[in-house]
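Take this structure, written in structure tokens, and hold onto it; I'll ask about it next.
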Amino acid sequence: MKIGIVGGTGGMGEGFAMRWCVRHDVIVGSREAQKAKEAAANYMNAARQAYGPNAVIAGSITGDDNISLAKDSDVLILSIPYEFIEDTCSKLAPQVRPDCIIVSPIVPMTRTDSGFVYIPLLEQGKKTAGEWVADKMAPRSRVVSAFHTISEMKLKNVNLSLDSDTFVCGDDPDVVAKLSELASEVTGLRPVYLGPLSLTYQAEVLTPMLLNAAKRNKMKNPGVRLT
């Protein structure tokens with residue numbers, strides 16, 4: 001499988017690239033292709049060191065600009081800020097294949113004097129990230145919302161189990177199943193189906209909640225786990 005990560009030079013891109021390269025070809029993206037290629041080379045070297053000399057890495061990590069990588073991706077992760085959805089998705093939409101799965105881990109949040117808050121609750125008329133992506137990357141059925149509450153620090157440590165759940169929202173059962181299977185390849189990450197994409201706000205709002213809890217209670221890299 002070819003997995004493209006738009007905005008892949010950040011912590012989430014690094015972590016997923018190192019985790020998934022064992023079995024898949026991962027393409028990390030940036031607005032500048034050269035920056036993406038340099039990051040990809042660093043991630044690949046880090047993966048080889050982390051897994052050890054006897055590990056079999058069947059996939060690869062390469063880099064390209066955000067728009068070009070979309071053409072060949074089977075799964076496209078949008079690791080971008082909420083405010084970039086309109087511009088980025090408008091450019092990506094003509095490039096992606098009809099069967100490409102689009103994944104939104106995007107959280108619409110901002111920081112106030114009270115703490116982190118969820119923008120659609122704060123500002124009337126603002127859409128959830130998952131719904132906004134679906135509007136721009138039609139058909140809606142190929143869009144899945146997931147990976148909102150994952151600790152990037154834990155994700156980048158491939159020898160560490162995440163021991164957490166990720167809530168998945170999507171309208172097409174087959175698309176949800178494929179994404180859930182991919183998520184399950186990350187050690188200690190359990191995908192939990194929450195419902196259709198219309199419920200994505202329930203998953204997205206957990207991120208500002210976790211950040212507020214972590215800050216006020218001095219917690220490091222918290223996650224969510226249902227028991």
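From a predicted model like this one, the values you see are computed outputs, not experimental measurements.
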Would M109 and E204 satisfy side-chain contact (heavy atoms from CB on, under 4.5 Å), going step by step from the backbone distance to the final call? CA-CA 9 Å; M109 67 178 181; E204 294 174 7; over 6 Å; no
Any chain of hydrophobic side-chain contacts (each under 4.5 Å) joining V144 to I150? yes
Quick one: do K2 and D74 make a salt bridge, cutoff under 4.0 Å? no
The side-chain contact (heavy atoms from CB on, under 4.5 Å) partner of I80 among I5, I106, D87, N66 is I106
Is V158 reachable from I3 through a run of I, L, V, M, F, W or Y residues, each pair having side-chain heavy atoms under 4.5 Å apart? yes
Short question: side chain of Y193, backbone of G170 - any donor-acceptor pair under 3.5 Å? yes
L211 CG to T149 OG1 distance, which is reported to the nearest 0.5 Å: 10.5 Å
With side-chain contact (heavy atoms from CB on, under 4.5 Å) as the test, would you mind laying out the steps for D25 and T62 before giving the verdict? CA-CA 8 Å; D25 294 321; T62 58; over 6 Å; no
Report yes if some heavy atom in the side chain of S164 is under 4.5 Å from a heavy atom in the side chain of L189; otherwise report no. yes
Is it true that S141 and D171 share a donor-acceptor pair across their side chains at a distance under 3.5 Å? no
When you compare the side chain of M1 with that of K178, does any pair of heavy atoms fall below 4.5 Å? no
Donor-acceptor under 3.5 Å (T207 side chain, H148 main chain): yes
May I ask you to decide if A33's main-chain N or O and S30's side chain share a donor-acceptor pair within less than 3.5 Å?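 No, S30 side chain to A33 backbone: no donor-acceptor pair under 3.5 Å.
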Below 4.5 Å, heavy atoms only, C-beta onward: do L199 and F167 meet side chain to side chain? no
Rounded distance [0.5 Å steps], NZ in K71 versus CD in Q95: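 Going from NZ on K71 over to CD on Q95, the span is 5.0 Å.
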Tell me, yes or no, whether the heavy-atom count around R23 atom CZ, taken from other residues, nucleotides or ligands under 6.0 Å, exceeds 12.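 No, CZ of R23 has 12 or fewer neighbouring heavy atoms, counting only those of other groups under 6.0 Å.
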Please answer whether the main-chain N or O of N157 pairs with a side-chain N or O of R19 as donor and acceptor at a distance below 3.5 Å. yes
Is it true that a side-chain atom of D165 and a backbone atom of L226 form a donor plus acceptor pair closer than 3.5 Å? yes
Locate the shortest heavy-atom distance separating C21 from A47; write the atom from each residue and the value.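 So the two residues come closest at SG-CB, 4.0 Å.
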Are the side chains of F147 and L179 in touch, meaning some heavy atoms are under 4.5 Å apart?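 When only atoms from C-beta onward are counted, L179 and F147 do touch, with a gap below 4.5 Å.
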Which atoms form the tightest heavy-atom contact between A134 and L197, and what is the distance? CB-CD2, 3.6 Å
Count the heavy atoms of every other residue, nucleotide or ligand shown that sit under 6.0 Å from CD of E83, and state whether that count exceeds 12. yes
Linking I/L/V/M/F/W/Y whenever any side-chain heavy atoms sit under 4.5 Å apart, do V143 and I101 land together?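 No, it is not one cluster - the side chains of V143 and I101 are not joined through contacts under 4.5 Å.
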Is any side-chain heavy atom of T128 closer than 4.5 Å to a side-chain heavy atom of Y118?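 Yes, close enough: below the 4.5 Å cut-off.
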Atom CZ in R140, atom CG in D172: separation rounded to 0.5 Å? 12.0 Å
Between the CD1 atom in I57 and the CE atom in M44, the distance rounded to the nearest 0.5 Å is 4.0 Å
Write down the atom of R142, the atom of V96, and the distance for their closest heavy-atom approach. NH2-CG2, 3.2 Å
Once rounded to the nearest 0.5 Å, what's the spacing between atom CG of L160 and atom OG1 of T187?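 L160 atom CG to T187 atom OG1 measures 9.5 Å (nearest 0.5 Å).
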Answer yes if I27 and M12 sit in the same cluster of Ile, Leu, Val, Met, Phe, Trp and Tyr residues linked by side chain heavy atoms under 4.5 Å apart, and no otherwise. no
Run V133 and V103 through side-chain contact (heavy atoms from CB on, under 4.5 Å) and show every step you take. CA-CA 9 Å; V133 169; V103 185; over 6 Å; no
So do the side chains of E131 and S198 get within less than 4.5 Å of each other, counting heavy atoms only?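 Counting from C-beta outward, E131 and S198 do come under 4.5 Å.
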Is V26 reachable from L78 through a run of hydrophobic residues whose side-chain heavy atoms are each under 4.5 Å from the next?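 L78 and V26: separate clusters.
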For residues L194 and C169, determine if any side-chain heavy atom of one lies less than 4.5 Å from a side-chain heavy atom of the other.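 In contact.
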Check whether N217 reaches the backbone of M219 with its side chain - one donor and one acceptor, N or O, closer than 3.5 Å. no
At their closest point, which heavy atom of K156 faces which heavy atom of G11, and how far apart are they?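 Heavy atoms of K156 and G11 come nearest at CG-O, 3.7 Å.
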Results of salt bridge (charged side-chain N to carboxylate O under 4.0 Å, His left out) for K136 - residues two or more places apart only: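 Scan of K136 (salt bridge (charged side-chain N to carboxylate O under 4.0 Å, His left out), adjacent residues dropped) gives E86.
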Validation row: Y51, V56 side chains within 4.5 angstrom (heavy atoms):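 Of all side-chain heavy-atom pairs linking V56 with Y51, none is under 4.5 Å.
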Go through the steps to decide whether F16 and V186 satisfy the test side-chain contact (heavy atoms from CB on, under 4.5 Å), and finish with yes or no. CA-CA 8 Å; F16 276 134; V186 177; 4.2 Å; yes
If the condition is ring-ring contact (aromatic ring centres under 6.0 Å, His included), which residues does Y82 pass it with, not counting sequence neighbours?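 ring-ring contact (aromatic ring centres under 6.0 Å, His included) list for Y82, sorted by chain: W132.
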Atom CD in E185, atom OG in S180: separation rounded to 0.5 Å?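 Going from the CD atom of E185 to the OG atom of S180 covers 11.5 Å.
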Sidechain-backbone polar pair: S73 side chain, L76 backbone, donor-acceptor under 3.5 Å: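 Looks like no, no N/O pair under 3.5 Å.
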Which heavy-atom pair separates A17 from V28 by the least distance, and what is that distance?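 Scanning both residues, the minimum pair turns out to be CB-CG1, 4.0 Å.
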Neighbour count >12 (heavy atoms, 6.0 Å) for atom CZ, R31: no
Is a donor on one side and an acceptor on the other found under 3.5 Å between the side chain of Y43 and the backbone of T9? yes
Ignoring hydrogens, what is the shortest heavy-atom contact between I119 and T110? Give both atom names and the distance.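 Heavy atoms of I119 and T110 come nearest at CG1-N, 4.0 Å.
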